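Data block below; observations after.
Since the structure is predicted, the reported quantities are computational estimates derived from the model, not experimental observations. For ligands, and for the atoms within them, numbers begin at 1 and follow the listed sequence.
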Amino acid sequence: MSTSVRTSVSVTAVARRGRWVGGRARGGNGRARASASASAGADVARAEAEASAREAPEAQLNGAVRPKVFTVPERAIAGAPLRVFVDRERADALRSASACTLIGGYNSWKVGSFRKVMNNVKGTSWSYVDIDVDERAFAINFVFKGDGEAYEKDNGQDFEFDVAFGPTPEEFEDIMKIVVLEEKARAEANSIVDGEKARSREGAQGVSEKVEKYGRVICKTASGKPGVAGTTEKILWNKALNPIGGEAVQKLIMHVGFNGWSEGVENKVDLVPASGEVRDENNDWWVAEVPIRDGASVIDFVVSDVAEESWDNNDQSNFRLAMQTSDDIWDVLRELKFEEVRSKMLKAEIAEKERVERRAQENAEAKAKAIEVGLKQQAFIIRTEPKVPEVGKPLKVFYNKNNTNLNWSNEIYLTGGFNRWAHTTSVAPMKMTPPSPGEEFFTTIIPSVPSDAWMVDFVFSSGVGEGAQYDNKSGRDYHLPTRGSDAKKPPLHVCHIAVEMAPIAKVGGLADVVTAIGRAIQDNGHLVEVILPKFQFFNNSVLLGGREYETHFDWGGTTIRVEKCKVEGLQCFFIEPQNGMFQTDAVYGRNDDAHRFNFFCNAALEFLVRTARQPDILHCHDWSSAEVARAYWQHYHQNGLSKPKVAFTIHNMNYGQAKLGEAVHHSQMTTTVSPSYAGEVRGNPVVGSNGHKFTGIRNGIDADMWDPETDAFLPFKYNAENQVDGKAAARAELRRRAGMTGWEDKPIVGVVSRLTAQKGVHLIKHAAHHTLSRGGQFVLLGSAPDPKIQAEFNGLAGQLAGDNTGFFFAFDEPLSHLMYAGCDIILVPSMFEPCGLTQMISMRYGAVPVVRATGGLRDTVFDVDNEKERAAWEVAGSTDWKTDGDMTNGFSFEGTDTNSLNYALDRCLDAFYNDKEWFRSLQKRVMLQDWSWNRPALEYEELYYKMLGQ
Ligand code: ADP
């Protein structure tokens with residue numbers, strides 16, 4: 001909703017004379033609702049409007065600058081009359097029109113559109129029309145139509161006036177939500193009742209008020225006539241044909257439904273020997289008093305003994321008797337059903353709103369915790385008092401040289417600054433006070449943190465001036481966010497240039513990471529844009545329906561057309577060279593991919609130049625957009641695009657190594673997707689002498705996309721609190737899908753993976769055998785691009801086929817969700833793993849990971865028996881797990897042989913068999929750990945600042 005106030009001449013005049021308003025004079029003065037004053041306002045409005053019809057508009061203007069449009073009363077009132085005047089003389093479209101029509105609506109045209117022919121005020125150029133302002137209005141919008149297609153639209157903006165005493169825009173949104181919900185509820189209720197009516201009519205055909213078999217009546221209504229819906233009827237059943245329960249039994253149960261069991265068994269009613277006039281000499285007739293529900297034209301029932309062990313279901317035909325139902329009842333039922341559905345929908349909506357609010361709060365807490373963990377992890381080198389620096393207050397800084405490269409120095413100096421060194425105030429090198437005996441920390445006090453400081457910055461040194469050595473945290477410097485600053489950190493402008501982005505152009509993990517980093521950085525208050533090629537398949541994408549033209553320019557021997565669209569909340573630009581280069585149905589696969597992507601990278605940079613963008617950071621990914629780094633520094637940096645620095649992320653070291661090497665060379669920072677993997681590949685010839693630029697930042701998972709609490713692919717949504725029930729339901733469904741018979745005490749071990757050598761094929765196969773030998777069940781979702789490997793797995797599936805295995809050779813996203821939820825244990829025995837997502841997804845779904853400790857697996861899974869310290873440090877920045885709690889989250893092994901795997905898997909299975917309660921608590925613990933992008937986003941942010949020298 002626009003709240004802009006146009007400061008035109010006429011608006012000033014309103015203020016001065018308080019008589020008429022110019023277009024779009026949307027003031028914020030008083031949207032207070034008070035029904036008494038609203039109705040008083042309505043009376044005044046009516047009186048004013050009457051008066052205005054008698055007075056000439058010129059007189060009402062009282063000498064003010066002559067407006068094009070004004071209203072009486074000056075401020076429209078919800079639910080009250082309004083007279084709108086327009087000066088035809090001042091509107092080109094109306095000047096010579098034979099008639100003038102007002103076309104109006106409310107609340108930015110969202111409701112109540114109307115058209116009204118206007119009256120001319122004789123002898124003047126004014127026309128007017130009377131309107132009854134909608135009660136739901138907080139604003140009224142209109143345009144004037146002259147002859148033909150001529151419109152007066154207030155310079156294309158349409159006229160928009162505030163309406164007083166209506167709902168606020170927020171209240172209006174709520175009203176509209178209810179309207180939409182009620183429409184939905186009405187439609188659903190009608191469809192249910194119509195279905196019921198049709199079934200009732202159909203079902204009643206051929207059904208009578210008694211049932212005969214072998215020449216005798218076996219059930220009937222006591223009255224001998226069809227029972228009446230909405231009343232209680234005596235229904236008789238003849239015991240002679242089926243003497244359930246023996247002679248002595250005095251009570252049976254009638255299980256009752258209606259209209260062909262349309263809602264299943266709705267009632268259980270006692271059935272007892274009949275007495276009085278319906279009794280017969282053998283006591284064969286039994287009677288039940290059955291409330292017949294409204295709308296029933298057929299009653300269905302079966303009979304059982306009290307224990308529900310012996311049954312009479314009339315040889316599987318059930319018993320059916322006709323009832324009478326009046327036509328009026330359907331309208332009543334419609335209303336009842338509407339109320340029921342409406343209330344259910346409202347409840348669901350409230351629950352959803354609560355869930356969203358809770359989730360937002362959890363997210364905020366998780367983000368705060370991510371920052372806290374970072375500070376804690378730094379605290380063994382540097383900490384402060386207060387813990388979070390406060391503006392306007394002194395700050396005591398503690399520094400422990402023993403854990404740094406200055407451990408040899410006897411003297412330590414602190415140099416400080418604020419706002420990533422951008423603040424005019426700085427702290428000149430200060431000699432820190434050495435620790436007293438038994439202490440480890442040097443200390444000093446910064447007298448006052450400036451009020452507009454949002455960050456405090458430090459480096460430490462062994463001295464001052466030449467020859468001094470520095471601890472600058474490997475080039476990043478130490479930074480602590482402050483509390484209470486009256487200034488905000490300036491946002492960074494980050495521009496990703498990539499050929500994949502989830503979900504619109506997804507081939508692998510690269511696509512997910514581009515979207516996820518982008519969103520996480522944007523969430524932290526920065527401006528993020530993504531530039532992608534415009535592939536042909538975008539034209540059919542429902543996600544890209546809102547594409548808009550952005551610009552076009554001639555370059556590279558063709559015209560480059562650029563469109564834009566928001567994807568997952570990120571502003572994306574699509575580069576479409578008119579030479580057909582990206583008229584492809586897949587991201588990769590043409591034999592000139594390298595050439596096409598190089599062209600794209602240059603065109604993307606050209607787009608930045610042409611639109612005068614100067615991002616702080618260009619972030620490119622893998623070989624396919626590696627060209628950005630070279631082209632930028634060798635060409636564009638000197639030609640108009642001067643500001644950016646280049647970040648380069650390697651998601652996969654195995655492709656396009658020459659291009660990777662080039663980008664590592666030209667980028668200011670290269671990252672790969674986990675710290676351990678960075679360590680493993682730092683020596684790769686691709687990195688060459690650029691090891692110092694190389695950092696590992698682990699990927700995260702999208703905690704909204706992977707959320708068992710909202711996951712549409714699960715039979716029962718769950719969170720850490722009710723995970724036992726949620727996982728039990730998923731387990732049952734997974735067993736059903738896999739054709740496994742199941743017992744609660746059989747653990748299910750699962751694998752979700754591409755089946756390639758990287759993923760430890762021999763260990764996966766071994767684990768299948770081993771799990772079965774330990775009495776467990778084994779399920780696998782995956783497929784092998786290599787036919788030889790696939791054949792091996794086909795053989796394995798054949799060999800192990802039976803009640804305890806399930807092999808799904810497919811890429812099946814919905815099934816993968818069920819696997820994570822249904823498995824007790826997820827196995828990831830990779831030979832190498834840049835980051836790996838499966839182990840993190842498993843944890844979110846409460847499946848315990850068993851992994852080989854390599855790359856990102858090592859950085860995210862901490863062995864319950866051996867890695868309590870490392871877990872506490874990595875998960876919570878804690879140096880004392882005994883006080884802060886056990887944060888281990890899985891089982892890991894080092895070697896690549898089967899015994900190594902057994903070592904981890906056996907301990908996990910033992911834990912499952914021997915102490916189920918502990919195992920369930922471990923599942924809960926892993927669900928509560930945060931493997932989202934919260935922490936990686938902070939690290940990327942740090943990295944971006946570092947590249948900018950801040
Ligand atoms: P990689 O990218 O090397 O395949 P990751 O662990 O990083 O391994 O990511 C694998 C992703 O692909 C996970 O989201 C996983 O759930 C998914 N996945 C792997 N195989 C399948 C499959 N057969 N069906 C559905 N999803 C799969």
Subject >> Sidechain N-carboxylate O distance under 4.0 Å for D711, K717 >> reply: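 Judged by the 4.0 Å cut-off on N to carboxylate O distance, D711 and K717 do not form a salt bridge.
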
Subject >> Electrostatic pair E362:R358 at N-O distance under 4.0 angstrom >> reply: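 A salt bridge is present here (some side-chain N lies under 4.0 Å from a carboxylate O).
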
Quick one: table the atom pairs, ligand 1 N or O against protein N or O, below 3.5 Å, distance rounded to 0.1 Å.
unit_1   : atom_1 : unit_2 : atom_2 : d
ligand 1 : 3 (O)  : R754   : NH2    : 2.8
ligand 1 : 3 (O)  : K759   : NZ     : 2.8
ligand 1 : 4 (O)  : R754   : NE     : 2.8
ligand 1 : 6 (O)  : L837   : N      : 2.8
ligand 1 : 6 (O)  : T838   : N      : 3.4
ligand 1 : 7 (O)  : L837   : N      : 3.3
ligand 1 : 8 (O)  : K759   : NZ     : 3.1
ligand 1 : 16 (O) : Y820   : OH     : 2.7
ligand 1 : 23 (N) : A810   : O      : 2.7
ligand 1 : 24 (N) : D812   : N      : 3.0

Subject >> Which residues share a side-chain contact (heavy atoms from CB on, under 4.5 Å) with N652, sequence neighbours left out >> reply: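 N652 satisfies side-chain contact (heavy atoms from CB on, under 4.5 Å) with D622, N654, Y655 only.
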
Subject >> Partner set under side-chain contact (heavy atoms from CB on, under 4.5 Å) for T670, not counting sequence neighbours >> reply: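 F648, I650, V664, S667, F694.
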
Subject >> Pairs where residues 747-766 contributes a residue and the test ring-ring contact (aromatic ring centres under 6.0 Å, His included) is met, not counting sequence neighbours >> reply: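 Pairs touching residues 747-766 that pass the test: H766-H770.
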
**OP:** Could you tell me if the ring centre of F600 sits under 6.0 Å from that of F597?
**Re:**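 No, the ring centres sit 6.0 Å or more apart.
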
